[in-house]
Protein chains: 2
Amino acid sequence: MSRKEQIEETATALFKAKGYSATSMRDLANELGIEAASIYSHIKSKEEILQKVCFRMAREFFEATDAVDSPQASATERLTKAIAAHVKVMTQNTEASAVFLYEWRHLSEPYHSSFLSLRDKYEAHFRGIIRSGVESGEFKVPDVKFATMTVFSGLNWIHTWYKPEGKMTPSEIAENLTYMMLNGMKNN
Amino acid sequence: MSRKEQIEETATALFKAKGYSATSMRDLANELGIEAASIYSHIKSKEEILQKVCFRMAREFFEATDAVDSPQASATERLTKAIAAHVKVMTQNTEASAVFLYEWRHLSEPYHSSFLSLRDKYEAHFRGIIRSGVESGEFKVPDVKFATMTVFSGLNWIHTWYKPEGKMTPSEIAENLTYMMLNGMKNN
DNA sequence: CCTACCGATCGGTAGG
DNA sequence: CCTACCGATCGGTAGG
């Protein structure tokens with residue numbers, strides 16, 4: 001791993017733990033065992049690290065869900081696979097995912113706006129799947145947008161409790177979340 | 001509204017918008033139209049504001065859900081009412097709720113620990129309802145803790161999109177969320 | 001509620 | 001990658 005990658009990974013962990021604003025370059029340097037000024041031999045600015053993490057994660061989520069999508073499949077199958085892909089990316093990048101979810105607001109323009117439009121586009125992918133399921137009669141939801149947000153909420157809360165050494169594997173998490181979202185808790 | 005309350009409300013809005021760390025006392029003073037030093041006539045420290053907001057919201061959530069709970073009712077009814085109470089508090093305090101959800105980590109000890117144990121206790125209330133529903137045969141879930149976290153995720157994501165002028169009222173939101181959590185999206 | 005100010009820390013640069 | 005340092009800003013205090 002290059003020093004640059006090491007800086008980004010360490011910074012990501014700190015950004016998740018303390019938040020972007022509360023993380024100083026001296027905190028980061030301390031964690032790396034070097035002086036703060038030395039970091040600037042490898043990166044241009046503190047925000048550059050945040051940009052890299054946010055946009056890399058956006059790309060990872062896109063690629064993972066695109067790779068498993070097949071337009072001719074049922075909405076149920078498409079949603080199941082999209083959830084599994086999202087959970088996989090998230091559990092493999094817990095810290096970067098948290099930064100992607102909560103620290104993007106510290107991006108300056110034009111990064112802030114372009115990040116938001118990427119995120120909207122990603123949500124639209126899920127919204128499209130759910131809408132097509134409603135149209136085909138597979139799904140029945142109060143409101144497509146509301147249902148999409150609820151699915152996302154379940155997906156995006158995972159990083160708050162997931163631990164690699166926990167009893168649930170990523171694919172079990174995906175399976176359970178899909179079950180909850182499709183069938184609910186009621187015992188029929 | 002007293003000046004002190006005005007300071008807390010303005011700070012809450014800034015803490016939500018920019019995050020606790022990125023909000024300076026000068027930002028706050030500017031928003032209030034006074035000098036930063038003047039704020040200290042009313043409050044002791046920046047963190048004191050955060051403490052007030054976090055613990056006040058914890059109390060509000062507890063009181064609201066306790067008030068509607070009845071141990072002899074069915075788990076379905078208890079969960080329905082708890083969700084409605086939570087959504088009501090959240091939609092009536094969108095900014096304070098966001099601070100409650102994301103900024104508590106900037107609390108110093110012993111506030112940090114005691115906040116976390118309050119939050120655990122609150123989650124335990126929901127977990128208890130879901131567990132009793134599983135025991136009575138009303139619910140069927142992959143895992144009680146997982147189901148509780150998923151319900152919470154839906155509850156706690158609301159503040160990211162809720163707008164008082166939006167088309168969904170708080171009670172409709174609660175109704176729709178309850179429907180999704182109990183029945184899922186599948187069209188039976 | 002203001003002026004005047006404090007020591008500490010911030011992100012970052014120059015020069016080696 | 002370090003030493004030495006910059007101007008800006010931080011939370012907060014003294015004194016009125």
Side-chain angles (χ1 to χ4, degrees), chain A residues 1-55 95-96 99 102-112 115, chain B residues 1-55 95-96 99 102-112 115:
Chain A
M1 189 163 55
S2 73
R3 195 83 218 207
K4 189 165 183 174
E5 287 167 333
Q6 198 186 343
I7 289 171
E8 280 174 20
E9 193 177 297
T10 309
T12 300
L14 286 171
F15 290 170
K16 178 183 178 170
K18 315 179 58 164
Y20 175 77
S21 293
T23 301
S24 73
M25 296 306 273
R26 278 143 182 102
D27 290 336
L28 177 54
N30 199 47
E31 204 73 29
L32 291 161
I34 58 176
E35 292 301 318
S38 306
I39 298 173
Y40 291 90
S41 313
H42 302 93
I43 59 144
K44 271 187 279 191
S45 68
K46 183 184 174 186
E47 198 190 311
E48 192 200 44
I49 307 176
L50 182 63
Q51 290 159 12
K52 288 268 175 64
V53 177
C54 288
F55 287 94
E95 284 158 344
V99 173
Y102 302 113
E103 305 301 327
W104 56 267
R105 59 181 170 162
H106 295 108
L107 291 168
S108 62
E109 292 297 347
Y111 303 99
H112 190 271
F115 178 85
Chain B
M1 190 164 53
S2 73
R3 194 84 221 207
K4 189 166 181 174
E5 287 167 333
Q6 198 186 343
I7 289 170
E8 281 175 20
E9 194 177 298
T10 308
T12 300
L14 287 172
F15 290 171
K16 179 184 178 169
K18 314 178 58 162
Y20 175 77
S21 293
T23 301
S24 73
M25 296 307 273
R26 278 141 182 103
D27 291 336
L28 177 53
N30 199 47
E31 203 74 28
L32 291 161
I34 59 178
E35 292 300 319
S38 307
I39 298 173
Y40 291 91
S41 313
H42 302 93
I43 59 144
K44 271 187 278 191
S45 67
K46 183 185 174 187
E47 197 190 312
E48 192 201 44
I49 307 176
L50 182 64
Q51 289 160 11
K52 288 268 175 64
V53 176
C54 288
F55 287 93
E95 284 158 345
V99 173
Y102 302 113
E103 305 301 326
W104 57 266
R105 58 181 169 160
H106 295 108
L107 291 168
S108 62
E109 291 298 346
Y111 303 98
H112 190 272
F115 178 85

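No experiment lies behind these values; they were computed from the predicted model shown. All chains are named by letter (A, B, ...) in the order of the sequence lines, taking the proteins before the strands, and each is independently numbered beginning at 1.
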Next item on the list: Determine: side-chain N/O of B:Ser24 to OP1/OP2 of D:dC10, distance under 4.0 Å, yes or no.
Entry: yes
Notebook entry, point to check: For the salt bridge (charged side-chain N to carboxylate O under 4.0 Å, His left out) test, which of A:Lys46, A:Lys52, A:Arg3 pairs with A:Glu8?
Noted result: A:Lys52
Notebook entry, point to check: Sub-3.5 Å donor-acceptor pair from the side chain of B:His106 to the main-chain atoms of A:Lys18, do we have one?
Noted result: yes
Check: Base, sugar-phosphate alone, or nothing: which one does B:Thr23 contact when heavy atoms must sit under 4.0 Å apart?
Finding: sugar-phosphate
Next item on the list: Give the rounded distance in Å between these two atoms: CD of A:Glu48 and C1' of C:dG12.
Entry: 13 Å
Check: Ignoring hydrogens and geometry, is there a side-chain-to-backbone donor-acceptor pair from A:Asn30 to A:Asp27 under 3.5 Å?
Finding: no
Check: When you check the phosphate oxygens OP1 and OP2 of D:dC2, does a side-chain N or O of A:Ser38 lie under 4.0 Å from one of them?
Finding: yes
Notebook entry, point to check: Rounded to the Å, how far apart are B:Tyr20 OH and D:dC10 P?
Noted result: 13 Å
Check: Whole-Å distance between C:dG12 C1' and A:Leu28 CG?
Finding: 14 Å
Note to self: Please determine whether a side-chain nitrogen or oxygen atom of B:Arg3 lies at a distance below 4.0 Å from atom OP1 or OP2 of C:dC1.
What the structure shows: yes
Checklist line | Atom-pair distance (CG on A:Leu32; P on D:dC1), nearest Å | finding: 9 Å
Notebook entry, point to check: From the list D:dC1, C:dC2, D:dG11, which nucleotide is the closest neighbour of the side chain of B:Lys46?
Noted result: D:dG11
Item checked: Integer-rounded Å distance: C:dA8 P and A:Met25 CE -> 23 Å
Notebook entry, point to check: Between B:Asn30 (CG) and D:dT9 (P), how many Å, whole number?
Noted result: 13 Å
Notebook entry, point to check: Taking atom CD of B:Glu9 as the centre, does the number of heavy atoms from other residues, nucleotides or ligands within less than 6.0 Å exceed 12?
Noted result: no
Next item on the list: Can you tell me the distance, in whole Å, between the CD atom of A:Glu35 and the P atom of C:dG15?
Entry: 20 Å
Check: For the pair made of NZ in B:Lys44 and P in D:dT13, what is the distance, rounded to whole Å?
Finding: 11 Å
Checklist line | Among D:dG12, C:dT3, D:dC2, the one nearest B:Ser45 by side-chain distance | finding: D:dG12
Check: With both distances under 3.5 angstrom, what nucleotide forms a Watson-Crick or G-U wobble pair with D:dT3?
Finding: C:dA14
Notebook entry, point to check: Of the nucleotides D:dA4, D:dC1, C:dA4, which has the atom closest to the B:Ala37 side chain?
Noted result: C:dA4
Item checked: Nearest listed nucleotide, side chain of B:Arg26, among D:dC10, D:dT3, C:dC2 -> D:dC10
Notebook entry, point to check: Under 6.0 Å from the OH atom of A:Tyr111, do we count more than 12 heavy atoms belonging to anything else shown?
Noted result: no
